[in-house]
Amino acid sequence: MTLHRQKLIYRDKRLVNWDPQFQTAISDLEVEQREVEGHYWHFAYPLEDGSGEIVVATSRPETMFADTAVAVHPNDGRYAHLIGKCVRLPIVGRPIPIIADDYADPEKGSGAVKITPAHDFNDFKVGQRHRLPMINVLDPFARLNDNAPEAYRGLDRFEARKKVVAEFEALGLLRGVENVRHAVPHGDRSGAVVEPYLTDQWYVDAKTLAGPAIAAVEEGRTVFEPRHWEKTYFEWMRNIEPWCISRQLWWGHRIPAWYGPDGRIFVAESEGEARAAAAEHYGRDEALRQDEDVLDTWFSSALWPFSTLGWPEETSDLARFYPTHTLVTGFDIIFFWVARMMMMGLHFTGRPPFERVFINALIRDAEGAKMSKSKGNVMDPLEIIDTYGADALRFTLTAMSGQARDIRLSTQRIEGYRNFATKLWNAARFCEINGCAASPGFDPGAAAAPVNRWIAGETVKTAQAVTAALDACAFDDAASALYRFVWNIFCDWYLELAKPVLQGMDEAAKAETRSMAAFVLETVLKLLHPVMPFVTEALWGRTGERKEMLITAAWPRLDEGWIDRAAEAEVGLVIGAIGTGRALRSELNVPPAARPALLVTEADAGQRRILEANAGVIGQMLRVEGLKFETAACPGAVPFLAAGAAFALPVADFIDLAAERARLEKEIAARAANIDRARRKLANADFIARAPEEVVEENRERLAESEAAKDKLEGALARLAALQ
RNA sequence: GGGCGGCUAGCUCAGCUGGUCAGAGCGCCUGGUUUACACCCAGGAGGUCGGGGGUUCGAACCCCUCGCCGCCCACCA
């Protein structure tokens, strides 16, 4: 009503997209262009004075009964002399003028075009320009009406088409038939061919409303994420057409307009109000008839952000929640809903309805095809959930929600994340078995053991990364940070490093490790909860005495001060030694049962201390027996370098010397390549002059490291040769 | 016709503001009865980052151009 009073909603007689099957007008957005095989029929229209003919082409011959002109381009020399003359419309015998209009394209067809203002959007505009009569020859079912010749009345449009063509042929006026592939408008719901149709409808002056909606995005008061969608939004908004909002349907909000006996319109909030207005106008109480039509569902939806909050009352909900923060939706909804909510929100409240619009990707099948029922390639989410679990599906979609436009959903990927859920479950079970429970006074920042200090820091880093990713709508980053932390850091390293402690005798160390494991798990559950609500909530319930559910638990805000560089270096050395040592064993096929000693051939005092302190874990995880500090060259031991220290495994008895030689040569070659690359860079004067000092320095260090490593490996190779 | 997105290991995808960024998962290969987990553990092979040109000391990342693939909008003479 407000919009009507402001003249932003008005009644008008224009062409609409008419769906003859559903018997209703539909908006431009509900029209789908489909490529179809069709024809252009070339018809000759004889000049009224008998001096010749003019040929026009059409793909819809049945509309010729509604022709009210033939247009040619004003500069088209071929037809200049005909402008102002008339042709006699065959079959009906009605004379129509030949007019000059830029719309006629000399390049297309014959250069002359029939103008049918009541049945074509372009022709409608031409008709308006030239004040041509508008003749409607179709009824709501798209059958020819009484404006068509007797023989055609009641005929379906496609039947009529054939008949018109046949008649032209019989009259000797068919000048050609062309096969063409062209786009034909279809109703996106009914699938029926839509007809431009002249009717009275209600319209919204979208152009006026679009102004502020465009400005809001231009000024960044509403931001699209990813940003490139703003271009799509602008493109549509800037070329917006009047929006037809009345629908001839049974469901929807009925249009609050009432008609008086003389057809006068009373728009009001209620019938009572309308009658009061009518009474005032007519001077007496009059029976009114309410408009039969309902509003386009998107019109109603456009009001959603504030109507759901109590508008137009000044409710506390409206004050508190409007404007909303982020709207999450698909790109196919940008025009239908996002744009319309923007228009209405700004118009009625002066503020855009949301600060951010996150456009998520469209899910396709594994081959990249859009899922559709007719193609039969729809993956039923319920079936996926039955097989892999809702959390696995959610995690998959989250992990794949990059900036790209679509997601190819494959069961393999889902299976992988189902495994992740299981992994998490098992990690929690491990904690449970080992009595890892949250202890009330526990301060992760005050842990004594380096491994515990390290994992506390890693947890902080992960929490920060996940939080930042979620804030930036980089959901895939959040998912992969969690995946990596849980699997590759917490399970692969922390829990493994914790095992010896938990099996040991040091009760204080055990207690600290239990508390830390519980703390990390708890944090992970919180961080993972938005993506995997079910598993995390279940684990939350069974891994501790809980006063509240996980869903209401506070988001982790951890102390950055827990990040401990010394602890990182310490664990880095342990992990490096184990990891590199394992690779070497595997490459040389050292039998798993072999328990050689681990020789430490080069380590500074600090490294030595660390290695000694972690001898137990290293022994267990690398499957070695004891740690020996040897400074002398050890024939028969294969060397390896890790985290700045040098090690060797005395496994000559177990291995193939040729394999070891190959391994050493490969290592040396890799170092040589690094050396070469760094040397070339450093030899480049431009590089030294223009690259930042830190980059240059980095390359110098890399060169020195690689050279030292290469020397050591070459020494080992020489000793190996001596052995053979 | 106008516009947008994509083209990185066999497959599905990460790689933001140019300087170990060539990565992950799956698949593949090798090995594994390690007191949470075989939906697992350890290790490995595999890519001249669609083609060509340019900018730069340096480009998967910036510019130009070409080529495919997909989508949106407009178009029923």
TODO: Please state whether the rings of Tyr40(A) and His182(A) are parallel, tilted or perpendicular, taking 30° and 60° as the class boundaries.
DONE: perpendicular
Task: Nearest-nucleotide comparison on RNA chain B, the residue closer to the 5′ end among Glu107(A) and Arg690(A) - done: Arg690(A)
Task: Working for side-chain hydrogen bond (donor to acceptor under 3.5 Å, both in side chains), residues Gln464(A) and Thr467(A) - done: CA-CA 5 Å; Gln464(A) 285 177 339; Thr467(A) 305; over 6 Å; no
- [ ] Could you work out the separation of rA14(B) and rG47(B) based on their C1' atoms and round it to a whole Å?
- [x] 15 Å
TODO: Name the closest nucleotide to the Gln503(A) side chain, picking from rU35(B), rA77(B), rC57(B).
DONE: rU35(B)
Task: Proximity to the side chain of Met400(A) - top-ranked nucleotide from rA77(B), rC4(B), rC13(B) - done: rC13(B)
Task: Selected nucleotide, minimal atom distance to His182(A) side chain, candidates rC76(B), rC57(B), rA77(B) - done: rC76(B)
TODO: For rG27(B) and rC39(B), measure between their C1' atoms and round to the nearest Å.
DONE: 16 Å
TODO: Figure out the CZ/C1' separation between Arg484(A) and rC13(B), and round it to whole Å.
DONE: 12 Å
Open item on the list: What's Tyr103(A) touching, base or sugar-phosphate or nothing? Going by heavy atoms closer than 4.0 Å.
Closed with: base
- [ ] Using the C1' atom on both, measure rA45(B) against rU56(B) and round to a whole Å.
- [x] 35 Å
- [ ] Send over the distance from Ile359(A) CD1 to rC4(B) C1', rounded to a whole Å.
- [x] 13 Å
- [ ] Could you check which nucleotide pairs with rG31(B) in any of the strands shown, counting Watson-Crick or G-U wobble with both distances under 3.5 Å?
- [x] rC41(B)
TODO: Specify the separation, in whole Å, of atom CG of Asp686(A) and atom P of rG58(B).
DONE: 8 Å
Open item on the list: Strictly by Watson-Crick or wobble contacts shorter than 3.5 Å, is anything paired with rA24(B), and which nucleotide is it?
Closed with: rU12(B)
Task: Residue whose closest nucleotide on RNA chain B lies nearer the 5' end, Glu178(A) versus Lys231(A) - done: Lys231(A)
TODO: Name the nucleic acid region contacted by Ser59(A), choosing base, sugar-phosphate or nothing; use a 4.0 angstrom heavy-atom cut-off, strictly under.
DONE: base
TODO: Specify whether Phe331(A) and Trp229(A) have parallel, tilted or perpendicular ring planes, treating 30° as the upper limit for parallel and 60° as the lower limit for perpendicular.
DONE: parallel
- [ ] Give Gln412(A) one of three labels, base, sugar-phosphate or nothing, depending on what nucleic acid heavy atoms sit under 4.0 Å from its own.
- [x] sugar-phosphate
Task: Closest to side chain of Leu495(A), choosing from rA14(B), rU34(B), rA36(B) - done: rA36(B)
TODO: Determine the interatomic distance between P on rG25(B) and the same-named atom on rC41(B); round to the nearest Å.
DONE: 11 Å
TODO: Identify whether any heavy atom of Gln33(A) sits under 4.0 Å from a base atom; if not, whether one sits that close to sugar-phosphate; answer base, sugar-phosphate or nothing.
DONE: base
TODO: Verify the distance criterion only: is there a donor paired with an acceptor across the side chains of Glu235(A) and Thr232(A) at less than 3.5 Å?
DONE: no
- [ ] Could you work out which one of rA36(B), rC76(B), rG31(B) sits closest to the side chain of Glu496(A)?
- [x] rA36(B)
TODO: Just call it for Asn699(A): base, sugar-phosphate, or nothing, with non-hydrogen atoms closer than 4.0 Å on any strand.
DONE: nothing
Task: Nearest-nucleotide pick for Asp477(A), side chain only, options being rA14(B), rC39(B), rA77(B) - done: rA14(B)
Task: Integer angstrom distance from the P of rC13(B) to that of rC71(B) - done: 15 Å
TODO: Name the orientation class of the two ring planes belonging to Tyr233(A) and Phe224(A) (parallel below 30°, tilted from 30 to 60°, perpendicular beyond 60°).
DONE: tilted
Task: Spacing of the P atoms in rG51(B) and rA60(B) (rounded, Å) - done: 11 Å
- [ ] Taking only the side-chain nitrogens and oxygens of Asn122(A), find out if one of them lies under 4.0 Å from OP1 or OP2 of rC76(B).
- [x] yes
Task: Atom pair distance, as rounded to whole Å: CG in Asn17(A) and C1' in rC76(B) - done: 12 Å
TODO: For the side chain of Phe687(A), starting at C-beta, report the closest nucleotide among rG32(B), rG19(B), rA77(B).
DONE: rG19(B)
- [ ] For rA42(B), take OP1 and OP2 only and decide whether either is under 4.0 Å from a side-chain N or O of Trp493(A).
- [x] no
TODO: Verify, without hydrogens or angle tests, whether Thr462(A) (side chain) and Phe485(A) (backbone) share a donor-acceptor contact under 3.5 angstrom.
DONE: no
TODO: May I ask you to decide if Arg595(A)'s main-chain N or O and Arg623(A)'s side chain share a donor-acceptor pair within less than 3.5 Å?
DONE: no
Open item on the list: Can you pull out the residues from residues 581-589 of chain A that lie within a 4.0 Å heavy-atom distance of RNA chain B?
Closed with: Arg582(A), Ala583(A), Ser586(A)
Open item on the list: At 4.0 Å (heavy atoms only), tell me whether Tyr417(A) reaches a base, stays on the sugar-phosphate, or touches nothing.
Closed with: nothing
TODO: Select base, sugar-phosphate, or nothing to describe what Trp487(A) touches, counting heavy atoms under 4.0 Å on all strands.
DONE: sugar-phosphate
TODO: Can you check whether any acceptor in the base of rC26(B) is under 3.5 Å from a donor in the side chain of Arg413(A), or vice versa?
DONE: no
TODO: Choose from rU34(B), rC73(B), rC76(B) the nucleotide whose nearest atom is closest to any side-chain atom of Pro185(A).
DONE: rC76(B)
- [ ] For Leu703(A) and rU20(B), give me the distance from atom CG to atom P, rounded to whole Å.
- [x] 17 Å
Task: Parallel, tilted or perpendicular: rings of Trp41(A) and His39(A) (30°, 60°) - done: tilted
TODO: Identify whether any heavy atom of Ala104(A) sits under 4.0 Å from a base atom; if not, whether one sits that close to sugar-phosphate; answer base, sugar-phosphate or nothing.
DONE: base
Task: Base partner of rC68(B), which must satisfy Watson-Crick or wobble distances under 3.5 Å - done: rG6(B)
- [ ] Quickly work out the Phe234(A) CZ to rC4(B) P distance and round it to whole Å.
- [x] 14 Å
TODO: Describe the nucleic acid contact of Cys431(A) in one word from base, sugar-phosphate, nothing, applying a heavy-atom distance below 4.0 Å.
DONE: nothing
Open item on the list: If I pick the P atom on rG15(B) and the same atom on rC21(B), what distance separates them, to the nearest angstrom?
Closed with: 15 Å
Task: Of the listed nucleotides rC57(B), rC71(B), rC39(B), the one nearest the side chain of Asn419(A) - done: rC39(B)
Open item on the list: Test your reading of the model: is there a side-chain donor-acceptor pair from Tyr197(A) to the backbone of Leu138(A), 3.5 Å cut-off?
Closed with: yes
- [ ] Using only side-chain N and O atoms of Lys681(A), determine if any of them is under 4.0 Å from OP1 or OP2 of rU20(B).
- [x] no
Open item on the list: Applying a 4.0 Å non-hydrogen cut-off, can you work out what Val55(A) is touching in the nucleic acid: base, sugar-phosphate, or nothing?
Closed with: nothing
Task: Nearest-angstrom distance, C1' atom, rC40(B) to rU33(B) - done: 13 Å
Task: Within 6.0 angstrom of Phe534(A) CZ, more than 12 heavy atoms from elsewhere - done: no
- [ ] Report the distance from atom CG of Asp332(A) to atom C1' of rG70(B), rounded to the nearest whole Å.
- [x] 15 Å
Open item on the list: Pairing check on rC49(B): which nucleotide meets the Watson-Crick or G-U wobble criteria with it, both distances under 3.5 Å?
Closed with: none
Task: Residue among Arg161(A), Arg157(A), Lys162(A) satisfying side chain to side chain donor-acceptor pair (under 3.5 Å) with Glu62(A) - done: Arg161(A)
- [ ] Can you check whether any acceptor in the base of rU34(B) is under 3.5 Å from a donor in the side chain of Gln620(A), or vice versa?
- [x] no
- [ ] Check every atom of rA77(B), rG15(B), rG19(B) against the side chain of Pro692(A) and return the nucleotide holding the closest atom.
- [x] rG19(B)
Open item on the list: Which label fits Phe420(A) and Trp487(A): parallel for a plane angle under 30°, tilted from 30 to 60°, or perpendicular past 60°?
Closed with: parallel
